[in-house]
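Below are the structure tokens for one structure; questions will follow.
By convention here, the first residue in the shown sequence is residue 1. Each ligand, and each atom within it, is numbered from 1 in the order the structure gives.
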Amino acid sequence: MNNDVMIGLEVHAQITYLRTKLFCGCSSNYRENPPNTNVCPVCLGLPGSLPVLNKAALEKAIALSLALNCKISDKLLFVRKHYFYPDLPKNYQISQYDRYGLTPIAVNGEVTIEVDNKVKTIRIRRINIEEDTGRIVYPERSVLGSKYALIDYNRAGVALLEIVTEPDFRSPREARVFLDKLGSILEHLEITDTSLEGALRADANVSVNGGSRIEIKNIGSPKDLEKALNYEIARQLNIIKSGGTIERETRHWIKEKGITVASRVKELEGEYRYFPDPDLPPIPISKGLIELISKSLPELPDSRARRIAKEYGVSDYVASVLVLHKKLCDHFEHSSKVCGNPKLISSLLVNDLLRWVDEAGIPLAVGINRLNTDRLCKLVHYFSNGLISIKLLKDYVRQVVLEDINPEELVSRGLTTIGEEEEIEKVVDDVFKENPKAVSDAIKDPKAINFLVGQVMRKTKGRADPKLVNEIIRRRLAEYGLK
Ligand code: ZN
Ligand code: MN
């Protein structure tokens, strides 16, 4: 990766845990409604309608500001940010601004991230409260190749927190780790359910070798953020290498194709014509309110990871992966309390569950539902009672996650570990007959025993308990050796 990469992020997090939109009584859950049914005169910007602030949105914004170590303003000021685009019914967005005596809810925060065992501080420039826009729906799923666009205003007016960082990232990986962590903080604060499509979106500014900044819009996940940045950096380096120059522009991330494409020319700051919204007079933010929220802040990912490592005896690494997803971590703590064995459970969740949902593209919440506490405990129980081997346990976890099967069903299919000694002895005898050379080797050199164990495991399709197989083979070898 080139050393002169500079990346800054502008993240939009929907406050999905609110019941209603930011300035009206429409539901904040717009996802289940038919197009243009979750709307009212306020969020459609009809003449004569007046916005009224949802107070819970302010409280959530203060909680996030505290969690990101920001300096919180003593007043809440809304501005109108003007631009003309069909997803914006009023032709202005109610937002906040940090110049000309105006102020956002919070400024000057910081978050630490850990990449390649190095801790790095990322500065937070500001946090805004603002309203979401409507949704433009392209018939071809993307702006490319679509002959027309449809507009759905159900999302218009949903409360957003905009988090802007300084350009402190030096690699796509750092940006991804930050967005993962921010998502986890938002989950723990019960601000954003990041598993909802479109709930956490990032725009990234990226420049290489001090060239022009390119903005990539609307990236939907931490994973896509890393991909989009990798693509964009390679694209810019290629242009520079072949003698071209990078022009400042806005580009769109096309997830399906894994590329960025040029989109509308970005307005300059002056063109937004920011001014205080006369419909929303300043609201004082008292020290008392900030203190109250500060005292009721829930446990945040960093301290939770430290507690989990200590309380359950899992490694720092495993703890840090668990806290990246609040639901996964909740599941881990609950299941460990119900059936014990936290180390095994953490390993099954971190190494197996996460792997299979990722590979199959299953939402994590669905995977957790399938591998719920009840099923997880049953599987752990089978294993600790010797009914199944560790290999089979992991295989069962895979099947439960991918196919939503009950563990009882897997067991009743007869896929348990062969625990009966006589059964294994018979297989061992067969293997000995088929591999006389390996047997005489193993009598001379105990290290050669592994080959025989492997043969037995293969014949039993991994269902035999390797410890027992080892024991039986050693016993048989001793007998052979005496002959
Ligand atoms: Zn409304
Ligand atoms: Mn914004």
Exercise for review: Taking the Mn ion (ligand 2) as the reference point, name the nearest N/O/S atom of E130.
Suggested key: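 That would be atom OE2.
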Practice item. For the pair D395 and Q399, evaluate side-chain hydrogen bond (donor to acceptor under 3.5 Å, both in side chains) and give the outcome as yes or no after the intermediate values. Key: CA-CA 6 Å; D395 193 51; Q399 292 186 64; 3.2 Å; yes
Exercise for review: Output, in order, the C-alpha distance, side-chain angles, deciding distance and verdict of side-chain hydrogen bond (donor to acceptor under 3.5 Å, both in side chains) for N54 and T20.
Suggested key: CA-CA 8 Å; N54 183 337; T20 57; 3.1 Å; yes
**Study point:** N, O or S atoms of the protein lying under 2.8 Å from the Zn ion (ligand 1)
**Key:**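 Sorted hits: C24 SG, C26 SG, C40 SG, C43 SG.
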Check your understanding: Closest heavy-atom contact between F332 and S346?
Key ->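 For F332 versus S346, the nearest heavy atoms are CE1-CB, 3.6 Å.
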Check your understanding: For E162, what is the atom name of its N, O or S atom nearest to the Mn ion (ligand 2)?
Key ->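 The nearest such atom is OE1.
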Practice item. Please determine if the Mn ion (ligand 2) has an N/O/S atom from E10 lying under 2.8 Å away. Key: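 Short answer: no, not a single N, O or S atom is under the cut-off.
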Review point. Got a salt bridge between R126 and E162, using NZ or NE/NH1/NH2 to carboxylate O under 4.0 Å?
Key: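 Answer for the salt bridge query: yes.
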Review point. Within a strict 4.5 Å, meaning less than it, do heavy atoms of the L179 and I219 side chains meet?
Key: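 Sidechains of I219 and L179: no contact.
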Check your understanding: With a 4.0 Å cut-off, would you call K326 and E187 a salt bridge?
Key ->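 No, no charged N to carboxylate O under 4.0 Å.
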Review point. Would you call K21-D132 a salt bridge at under 4.0 Å N-O?
Key: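 Looking at K21 and D132, the cut-off is not met.
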Point to revise | Aromatic ring pairing F275/H82, orientation class (parallel under 30°, perpendicular over 60°, tilted between) | key: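 If you compare the ring of F275 with that of H82, the planes turn out tilted.
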Review point. If you check every N/O/S atom of H12, which is the one nearest the Mn ion (ligand 2)?
Key: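 So the atom name we want here is NE2.
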